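First the structure, in the form of C-alpha cells, and then the observations on it.
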Amino acid sequence: MSRWDGIDEFVATAEAESFSQAARRLGLSTSGVSREVARLEERLQTRLLYRTTRRVSLTDAGRAFLARCRDLIHDRDEALAAVGEEDGEVKGLLRMTCSSAYGERYVAPAVNAFMLLHPKLSVYLELDDAVRDIVSEGFDLAIRFGRLTDSRLIAKRLASRTRRLCASPDYLARAGTPATIADLETHAGVLGAADTWPFREGEREIAFKPQGRFRCNSGQAVLDAALQGLGICQLPNFYVDPAIAAGRLVPLLEDATPADEGVWAVYPHLRLLPAKVRLLVEHLERGLG
C-alpha cells in the first residue's frame with residue numbers, strides 16, 4: 001500500500017462534491033473511488049467527508065487536509081511533467097472544453113493539426129455550451145468568451161469575436177428595417193440563451209431586452225430561425241458572416257455594434273505549466289488569431 005493511495009480520489013471527490021463525478025474525472029468506478037476514500041479515512045483515523053444520498057461535503061478536518069493535498073498533487077504532477085518533457089516530446093492526455101459551435105468550426109480543426117505534430121499526445125475535447133468548472137472537473141484547458149471572473153484561472157487572449165444584428169430580407173420586407181435601437185421594440189426577436197442584446201453608442205454600453213416567439217440555446221437553431229424570417233437575431237459573427245456575404249441575411253444597426261469580445265484560453269494556476277498546454281495555447285493563438 002502506498003501512502004498516496006486515496007489522495008487523488010479524495011481531492012477529486014471533494015472538488016466535485018460527488019463520488020460519481022470524481023470517478024468520471026479520474027476514469028475509475030464510483031465504488032472504487034468511494035472505497036479508496038474510506039480506506040484513506042481509516043488510515044488517518046479521521047472522517048474527511050460527510051456523505052448523504054445526494055452529495056458529499058467536507059468536514060473541518062477534510063477542508064484542512066484538502067488544501068495540503070492539492071499542494072502535494074500539484075508538486076507531484078509538475079515534477080512528473082518536468083521529467084517527462086526533458087526529451088522535448090509532448091505526450092500524455094490533455095483534457096479541454098469549449099462551446100459546441102466555436103469548437104466544431106475552429107478549435108477542433110486546430111487541435112487536430114496540433115496532434116499531427118505531436119503523435120504521442122492524446123486529447124479529450126468536450127464540446128458543451130455550459131461553463132464547466134475546469135478545476136473541479138479536471139480539465140487542463142478551456143476556451144471561453146467575454147469577461148472572465150474566476151480568480152483560480154489564468155487567461156490568455158487568442159482572438160476576438162463580434163456580435164452582429166441581422167435579419168432576412170423577407171422579414172425586413174414585411175416588418176420594415178429598424179433605424180435605431182428603440183425601433184427594435186416593435187420587432188420580433190429570435191432569441192438565444194441571453195435575455196439581453198448588447199449595443200454600444202459612443203462610449204455608452206446599452207443592454208436591450210428583445211421580445212419574440214422563438215428562443216433556443218443553440219446558436220445554429222437561432223440562425224436557422226432568422227434565415228426563415230422569424231425575426232431579428234444577434235449572434236457572433238462566425239455564425240452569420242457567411243449568410244450575410246451570400247445575401248441571405250442583412251446586417252442592421254452596425255453603428256451600434258457592441259465592442260468585440262475576447263476569445264480566451266483559460267487554465268488553472270500552476271507553478272509549472274505543462275508543455276502540452278503551453279504549446280497548444282501557442283498553436284491556438286496562431287491559428288485562431
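No experiment lies behind these values; they were computed from the predicted model shown. Every heavy atom of this structure was used, including side-chain atoms; hydrogens, water molecules and symmetry mates were not.
Atom CZ of Arg95 is surrounded by more than 12 heavy atoms from other residues, nucleotides or ligands within 6.0 Å. Counting non-hydrogen atoms of other residues, nucleotides and ligands closer than 6.0 Å to CD of Glu42 gives a total of 12 or fewer. More than 12 non-hydrogen atoms from other residues, nucleotides or ligands lie less than 6.0 angstrom from CZ of Arg157.
Of the residues listed (Arg35, Arg51, Arg47), the one engaging Glu41 in a salt bridge (charged side-chain N to carboxylate O under 4.0 Å, His left out) is Arg51, and it is the only one.
From Leu235, atom CG reaches atom CG of Leu165 across 9.5 Å, with rounding to the nearest 0.5 Å. Between Lys120 atom NZ and Met115 atom CE the span is 14.5 Å, to the nearest 0.5 Å. Lys156 contributes atom NZ, which lies 4.0 Å from atom CD of Glu285 (distance to the nearest 0.5 angstrom). A distance of 14.5 Å separates CD of Glu36 from CH2 of Trp4, quoted to the nearest 0.5 Å. Leu44 CG to Arg39 CZ: the interatomic distance, rounded to the nearest 0.5 Å, is 14.5 Å.
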Arg43 and Asp5: CA distance, side-chain angles, deciding distance, salt bridge (Lys or Arg N to Asp or Glu O under 4.0 Å) verdict: CA-CA 10 Å; Arg43 292 204 310 275; Asp5 288 351; 5.3 Å; no
Take Leu141 and Ile134 through the side chain to side chain contact (heavy atoms under 4.5 Å, CB included) test and state the conclusion after the steps. CA-CA 7 Å; Leu141 178 67; Ile134 66 172; over 6 Å; no
ring-ring contact (aromatic ring centres under 6.0 Å, His included) assessment of Tyr102 paired with Phe145: CA-CA 10 Å; Tyr102 194 84; Phe145 307 98; 5.1 Å; yes
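One side chain, Asp224 or Gln228, offers a donor N or O that lies under 3.5 Å from an acceptor on the other.
Side chains of Leu191 and Cys233 form no contact here, defined as non-hydrogen atoms less than 4.5 Å apart. Using a 4.5 Å cut-off on side-chain heavy atoms (C-beta onward), Thr59 and Leu49 make no contact. Ser122 is not listed as a side-chain neighbour of Tyr124, based on a closest heavy-atom distance of 4.5 Å or more. Side-chain contact check for Leu284 versus Ile143: some heavy-atom pair is nearer than 4.5 Å. Side chains of Asp8 and Ile73 form a contact here, defined as non-hydrogen atoms less than 4.5 Å apart. Using a 4.5 Å cut-off on side-chain heavy atoms (C-beta onward), Arg213 and Val190 make no contact. With contacts defined as side-chain heavy-atom distances shorter than 4.5 Å, the pair Leu93/Val123 does not qualify.
Residue Pro109 comes nearest to Glu104 through the heavy atom pair CD-O, 3.6 Å, listed as atom of the first residue, atom of the second, then distance. Across every non-hydrogen atom of Leu48 and Leu40, the tightest pair is CD1-CD2, 4.0 Å. Nearest approach of Trp264 to Gly146, heavy atoms of both residues: NE1-O, 2.9 Å. Nearest heavy atoms, Asp140 versus Pro268: O-CD, 3.6 Å.
At least one donor-acceptor pair under 3.5 Å links the side chain of Ser18 to the backbone N or O of Ser20. Side chain of Arg144 to main chain of Val131: no donor-acceptor pair is present (N/O by atom type, distance under 3.5 Å, no hydrogens or angles). In this structure, the side chain of Thr13 engages the main chain of Glu9 through a donor-acceptor pair within 3.5 Å. Listed for the Asn237 side chain is no donor-acceptor partner under 3.5 Å among the backbone atoms of Arg163. Put simply, the side chain of His187 never gets that close to the backbone of Gly231: no donor and acceptor are under 3.5 Å apart. Without hydrogens or angle criteria, Tyr171 side chain to Ala188 main chain gives a donor-acceptor distance under 3.5 Å. Of the possible donor and acceptor atoms, one in the side chain of Thr186 sits under 3.5 Å from a partner among the backbone N and O of Asp183.
Ion pair Glu201/Arg204 flagged as a salt bridge, since at least one NZ, NE, NH1 or NH2 atom sits closer than 4.0 Å to an Asp/Glu carboxylate oxygen. Salt bridge annotation for Asp195-Arg215: present, with a cationic side-chain nitrogen under 4.0 angstrom from a carboxylate oxygen. A salt bridge is absent between Glu205 and Arg200; no separation between the charged side-chain nitrogens and carboxylate oxygens falls under 4.0 Å.
By the criterion of side-chain heavy atoms lying less than 4.5 angstrom apart, applied directly or through intervening Ile, Leu, Val, Met, Phe, Trp or Tyr residues, Phe65 is grouped together with Val33 in one hydrophobic cluster. Residues Val222 and Leu252 are members of separate hydrophobic clusters, defined by side-chain heavy-atom contacts under 4.5 angstrom among Ile, Leu, Val, Met, Phe, Trp and Tyr.
With sequence neighbours excluded, no residue forms a salt bridge (Lys or Arg N to Asp or Glu O under 4.0 Å) with Arg105.
Using cut-offs of 30° and 60° for the angle between ring planes, the Tyr106 and Phe238 rings count as perpendicular.
Taking a 4.5 Å side-chain heavy-atom cut-off between Ile, Leu, Val, Met, Phe, Trp and Tyr, the cluster of Leu117 contains only that residue.
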